[in-house]
Undergrad: 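Before I ask anything, let me first share the structure, which is written out below as structure tokens.
Reminder, nothing fancy here: chain letters follow the sequence lines and each chain counts from 1.
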Amino acid sequence: MSAIPPRARGAIALDASACTSCMICVRECPDWCIEIESHTIEVTEPGARRPRSVAVLDRFTIDWGLCMYCGICVDVCPFDALAWVPQHHYPGVVPQDLRHGIERLEEFDVSDS
Amino acid sequence: MSAGSPPGVVLDPWLSGVARLVEEGFDQLDLLTAVDLPRDGVIEIVIHLVRIEDHAHVFGHVRLPRADPVLESVTSILPAAAWHEREIHEMFGVEISGHPDLRPLLLQSTSGPPPLRKDTPLVARVETPWPGAVEETTGRRSRRAVTPPGVPPEWLGEGS
């Protein structure tokens, strides 16, 4: 058995803390397989004159049943919130199992790549 | 914008052009397909032929008017072209003259517009709400006219 090359396009991992819900990946995806839901909150930082609007990511879903692994979302993300990882074994029994939310997308181990 | 000329030779007239290549030893049919180029008003037929002995290969093409495309069948010299021509017929609405059997190959019904013409609406693109229409600031579905790239506005109904 040969090892999977570290740069293999196995899955796309999400770093939710880096995601700003900017929607660029959603809009660039040719397959429409990414969905984002977010809301904004007002944050007043110490010393700041006015509160700042910050987007909070509520839901981030990739549907692996639709994804064609082109990697455009990884390329366009301005905040490096998406990254290729070599993990490829994430089967589902029903098509819905192939829709991965934030929890499962964050489980993919970026340090492995 | 006009598409640049593809590599290879123009085969016009088609049948005698293909016959000439086959006589030159390019007798292995690798590919026969079509490209819809609505901006140029043409359907481009592309053939790729291989010569086994020296691994040489050649592309040939011809442009047909999009409004009334008729292609001469090459099944008399390349019998394997029969399925490819049936596919071009049903997918691009190209009439194939001299084909022995133009039954639909993959489609159940050929009554609708040819599926691989670029102006044929893609049902999934019409019915699926575009996930990109969600407003990044509010998280709500936008009321602004946000249209998905590559989808003509006239395809988009109320669902998007």
Side-chain angles (χ1 to χ4, degrees), chain A residues 12 14 16-43 50-79 81-82 95-96 98-102 105, chain B residues 1 3-4 6 31 33-40 44 46 87 91-92 106-108 112-160:
Chain A
I12 293 160
L14 170 72
S17 64
C19 176
T20 64
S21 317
C22 71
M23 299 289 293
I24 289 177
C25 57
V26 177
R27 290 179 181 151
E28 293 297 319
C29 174
D31 276 359
W32 303 6
C33 75
I34 306 175
E35 284 173 28
I36 287 182
E37 273 173 26
S38 63
H39 67 278
T40 44
I41 52 165
E42 306 256 290
V43 176
R50 276 177 301 174
R52 197 160 64 87
S53 291
V54 177
V56 179
L57 185 64
D58 298 319
R59 196 168 70 83
F60 188 108
T61 313
I62 297 183
D63 189 335
W64 299 112
L66 295 174
C67 176
M68 58 178 181
Y69 297 82
C70 67
I72 289 174
C73 55
V74 178
D75 291 346
V76 297
C77 178
F79 307 103
L82 296 169
Q96 284 79 358
L98 293 171
R99 288 171 59 86
H100 287 186
I102 294 174
L105 293 172
Chain B
M1 193 193 85
L31 172 115
T33 188
V35 185
D36 184 20
L37 300 169
R39 285 176 191 152
D40 298 353
E44 189 162 72
V46 182
E87 190 185 25
M91 293 295 180
F92 292 90
L106 300 165
L107 299 181
Q108 297 219 328
L116 290 185
R117 291 261 190 140
K118 296 232 166 76
D119 49 8
T120 302
L122 203 58
V123 177
R125 282 288 186 260
V126 175
E127 290 179 345
T128 313
W130 185 44
V134 175
E135 196 85 66
E136 57 267 40
T137 47
T138 62
R140 292 197 197 93
R141 200 147 265 279
S142 176
R143 267 187 269 171
R144 276 189 302 140
V146 190
T147 50
V151 179
E154 61 269 21
W155 286 11
L156 300 171
E158 288 159 19
S160 49

Undergrad: What are the two closest non-hydrogen atoms of A/Ile36 and B/Val134, and how far apart are they?
TA: O-CG1, 4.1 Å
Undergrad: Closest heavy-atom contact between A/Trp32 and B/Pro129?
TA: CE3-O, 4.2 Å
Undergrad: Among A/Met23, A/Arg27, A/Glu35, whose side chain to side chain contact (heavy atoms under 4.5 Å, CB included) with B/Pro131 holds?
TA: A/Glu35
Undergrad: Under a 4.5 Å heavy-atom cut-off, does chain B meet the side chain of A/Ile24, its backbone, both or neither?
TA: neither
